[in-house]
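For reference, the structure is listed below as structure tokens.
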Amino acid sequence: GNGNVEVTRDTSNPYSGAVTIPATVTDNTITYNVTAIGDSAFSGCSGMTSINIPDGLTSIGLRSFHKCSGLTSLTIPNSVTEIKKLAFRNCSGLTSVTLPDSLTYFDYGIFAFCTNLSSIVIPSKVTYLEKFAFDSCISLTSVTMPESLTSIGYSAFIDCTNLASIVIPDGVNKIDSFAFRNCISLTSVTLSEGLSSIGYQLFLNCKKLTSINIPSSVEFIDKNAFRNCSSLTSVTLHEGLSSIGYATFAFCNSLNSINIPSTVEFIDNYAFAYCGRLDSITIPEGVPYIGEGVFTDCSSLVSIDIPSTVTYIDSFAFENCTSLTSITLPAGVTSIGDAAFNNCSSLEHIYCDATTPPSLSSNTFSSYEATLHVPANSVSDYQEAEYWQNFYIVPTETSVEYCDLTDRGVRYFDGIIYNENELNLTVYNMNGQAITTGNGDIDIRNCPNGMYVVTDNKGGKTKIMR
């Protein structure tokens with residue numbers, strides 16, 4: 001009777017040239033259907049230049065064409081439903097592939113290191129791309145993914161250095177770690193709604209990527225996800241995101257601002273480290289602490305408000321933020337770590353709302369030239385607290401709303417209050433004591449350094465810093 005057979009490896013006579021696999025073979029008057037290409041059947045046959053696969057074949061085996069470097073094109077018939085692991089790995093001469101619509105699963109490393117493959121259309125029924133599917137396909141510029149796809153495996157497109165754009169179908173809910181790592185030509189990525197997380201090192205070193213919109217379904221961005229995306233200028237994050245992982249945006253040195261959603265409760269260490277152009281960021285309420293090195297070397301960051309939920313600022317958090325001029329520390333902060341504000345050479349004002357001085361290390365601040373503003377009832381505590389006592393300390397005024405008096409002709413410069421309209425002015429120190437009055441210019445150059453309040457006889461008030 002009829003049966004099925006598979007093509008097997010012939011180690012004594014490697015296949016070469018143009019090879020045709022017959023649809024049937026006959027032995028002793030018995031006809032067999034050729035339904036499979038066995039494991040490693042053509043592996044290492046570098047002299048094979050073409051392969052004709054018959055209709056009726058259903059399976060292509062493990063490493064069946066591994067290192068067939070002379071093979072340049074490939075058409076797989078619609079009867080094939082299974083292509084096993086590493087089937088065409090290292091087919092370095094392969095430039096074009098036509099895959100069957102019958103395929104539903106893309107196994108491990110099928111086309112890995114096919115270094116001349118330039119484009120691929122993944123069949124319409126495939127639901128899963130296994131890991132390393134197109135690893136190091138350095139000539140790959142175009143990938144078409146079907147709507148049926150739900151998952152992209154670990155390192156599926158890692159080191160595809162010429163891949164310029166990718167559109168992830170909306171049905172994809174999982175992209176594993178490293179999937180697009182080192183895709184250094186990638187400029188455009190469209191991620192799928194329904195994606196629940198951004199995996200570990202997913203876009204690491206995608207140096208030409210300029211913008212990314214993280215879908216609203218994403219709750220977690222894993223560590224190093226966009227690290228060293230040095231052209232990234234725009235990142236859109238949505239409400240629902242809860243966690244930003246370790247060094248997620250580290251070395252994104254074209255990124256100048258980012259809006260972190262109010263739902264984010266955790267920002268891991270070094271998340272925005274070395275973002276040299278980052279000048280604006282808002283940390284949402286709910287974040288419990290500022291992690292180690294989160295903003296280290298963000299040399300364009302000018303000011304930062306720490307949310308009221310923060311109790312601890314870890315080591316190196318703002319180290320080398322050389323443009324930082326002011327920092328606001330909430331009442332709940334109890335401890336600030338080593339070198340947290342080291343080399344913040346432009347820091348002028350620290351507003352600390354904590355009534356009890358937070359604990360510091362000897363190197364938390366490398367300079368004490370900034371003015372420290374603290375609650376009025378806590379001034380003496382800070383004056384006696386280790387390291388805090390090195391700052392010039394003034395009480396924070398919290399009970400009055402102030403308006404600028406420049407529109408009334410009152411200006412301040414270099415110790416002199418200029419009173420162009422000859423208003424009746426009174427100058428108060430931060431303890432509420434009137435120190436001088438007048439209806440002309442007022443000289444306070446002999447007054448102690450610190451904050452002063454100036455009032456006029458029409459109800460206006462403003463603050464000046466001596």
Side-chain angles (χ1 to χ4, degrees), residues 279-280 282 299-306 318 321-331 341 343-355 357 364-385 387-466:
D279 59 20
S280 174
T282 300
S299 55
S300 296
L301 195 63
V302 175
S303 66
I304 193 81
D305 287 340
I306 309 296
F318 296 93
C321 290
T322 53
S323 296
L324 193 65
T325 60
S326 69
I327 187 84
T328 301
L329 305 174
F341 294 97
N343 197 32
C344 292
S345 54
S346 298
L347 192 60
E348 297 176 354
H349 298 284
I350 302 168
Y351 299 91
C352 186
D353 296 334
T355 55
T364 296
F365 296 93
S366 55
S367 170
Y368 297 96
E369 296 179 4
T371 299
L372 175 63
H373 306 261
V374 301
N377 294 334
S378 300
V379 170
S380 60
D381 293 332
Y382 280 85
Q383 289 173 337
E384 296 173 1
Y387 310 121
W388 288 115
Q389 62 191 210
N390 297 327
F391 287 100
Y392 176 66
I393 302 170
V394 298
T396 303
E397 177 61 54
T398 60
S399 60
V400 180
E401 290 216 5
Y402 297 94
C403 64
D404 195 325
L405 297 180
T406 54
D407 61 340
R408 303 185 188 186
V410 178
R411 295 177 295 108
Y412 173 74
F413 178 73
D414 200 22
I416 298 176
I417 301 168
Y418 294 94
N419 185 6
E420 295 177 4
N421 296 324
E422 298 182 345
L423 301 175
N424 291 322
L425 301 180
T426 303
V427 180
Y428 297 88
N429 64 23
M430 296 307 289
N431 293 322
Q433 297 170 323
I435 61 169
T436 187
T437 62
N439 60 3
D441 296 342
I442 298 175
D443 188 342
I444 61 169
R445 285 177 292 185
N446 292 326
C447 295
N449 289 338
M451 185 78 73
Y452 294 89
V453 178
V454 181
T455 67
D456 66 13
N457 58 334
K458 297 182 180 181
K461 296 178 181 179
T462 193
K463 285 189 291 189
I464 60 173
M465 175 62 70
R466 164 80 177 99

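Note that the numbering runs from 1 along the sequence shown for the chain. Computation of the quantities below employed the complete heavy-atom set of this structure, encompassing side-chain atoms and omitting hydrogens, waters and symmetry-equivalent molecules.
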How long is the span from the CG atom in Leu329 to the CG atom in Leu372, to the nearest 0.5 Å?
-> 8.5 Å
Heavy-atom side-chain contact between Val410 and Thr462 under 4.5 Å | no
Sub-4.5 Å side-chain heavy-atom contact between Ile444 and Ile464 | yes
Ile306 and Pro330 have their tightest heavy-atom pair at CB-CD, 3.6 Å
Can you measure from CD1 (Ile435) to SG (Cys447) and round to the nearest 0.5 angstrom?
-> 4.0 Å
Do Trp388 and Asn390 come close enough that some side-chain heavy atom pair is under 4.5 Å?
-> no
What's the shortest heavy-atom distance between Ser280 and Leu301, and which atoms?
-> N-CD1, 4.0 Å
Find the distance between CG (Leu324) and CG (Asn343) and round it off to the nearest 0.5 Å.
-> 11.5 Å
Could you go step by step and tell me if Phe341 and Ile327 meet the side-chain contact (heavy atoms from CB on, under 4.5 Å) rule?
-> CA-CA 10 Å; Phe341 294 97; Ile327 187 84; 3.9 Å; yes
What residues form a side-chain contact (heavy atoms from CB on, under 4.5 Å) with Ser299, not counting sequence neighbours?
-> Thr322
Counting heavy atoms not belonging to Asn421, are there more than 12 under 6.0 Å from its CG?
-> yes
pair Tyr428-Thr455: side-chain heavy atoms closer than 4.5 Å | yes
Looking at residues at least two apart in the chain, or sitting in another chain, which of them share a side chain to side chain donor-acceptor pair (under 3.5 Å) with Asp381?
-> none
Applying ring-ring contact (aromatic ring centres under 6.0 Å, His included), name anything that partners Tyr387, two or more places apart in sequence or on another chain.
-> none
Checking side-chain contact (heavy atoms from CB on, under 4.5 Å) for the pair Tyr412/Val454: CA distance, chi angles, key distance, verdict?
-> CA-CA 10 Å; Tyr412 173 74; Val454 181; over 6 Å; no
Side chain to side chain donor-acceptor pair (under 3.5 Å) against Thr325, all qualifying residues, sequence neighbours excluded = none
Please collect all salt bridge (charged side-chain N to carboxylate O under 4.0 Å, His left out) contacts where either partner lies in residues 441-457, sequence neighbours excluded, each pair once.
-> Arg408-Asp456, Asp443-Arg445
At their closest point, which heavy atom of Tyr382 faces which heavy atom of Cys352, and how far apart are they?
-> OH-SG, 3.2 Å
Can you list the residues that meet the side-chain contact (heavy atoms from CB on, under 4.5 Å) rule with Thr436, with sequence neighbours excluded?
-> Val427, Ile442
Starting at OG of Ser326, measure out to NE2 of His373 and round the result to the nearest 0.5 Å.
-> 9.0 Å
Here the gap from Asn419 atom CG to Asn439 atom CG, rounded to the nearest 0.5 Å, amounts to 7.0 Å
With a cut-off of 6.0 Å (strictly less than), are more than 12 heavy atoms of other residues, nucleotides or ligands near CD of Gln389?
-> yes
Any salt bridge (charged side-chain N to carboxylate O under 4.0 Å, His left out) involving residues 418-429? Give me the pairs, sequence neighbours left out, ordered by first then second residue.
-> Arg411-Glu420
4.5 Å side-chain heavy-atom contact, Thr371 and Ile350 | no
Go through the structure and list residues passing ring-ring contact (aromatic ring centres under 6.0 Å, His included) with Tyr368, not counting sequence neighbours.
-> Phe391
Set of residues satisfying side-chain contact (heavy atoms from CB on, under 4.5 Å) with respect to Thr355, sequence neighbours excluded = Pro375, Ser378
How close do Thr426 and Ala434 get, heavy atom to heavy atom, and via which atoms?
-> CG2-CB, 3.9 Å
Supply the atom-to-atom distance Glu369 CD to Ser346 OG, rounded to the nearest 0.5 angstrom.
-> 10.5 Å
By side-chain contact (heavy atoms from CB on, under 4.5 Å), Gln383 pairs with (sequence neighbours left out) Val379, Ser380, Ile393
If we only count heavy atoms from C-beta on, is the Leu425 to Thr437 side-chain gap below 4.5 Å?
-> no
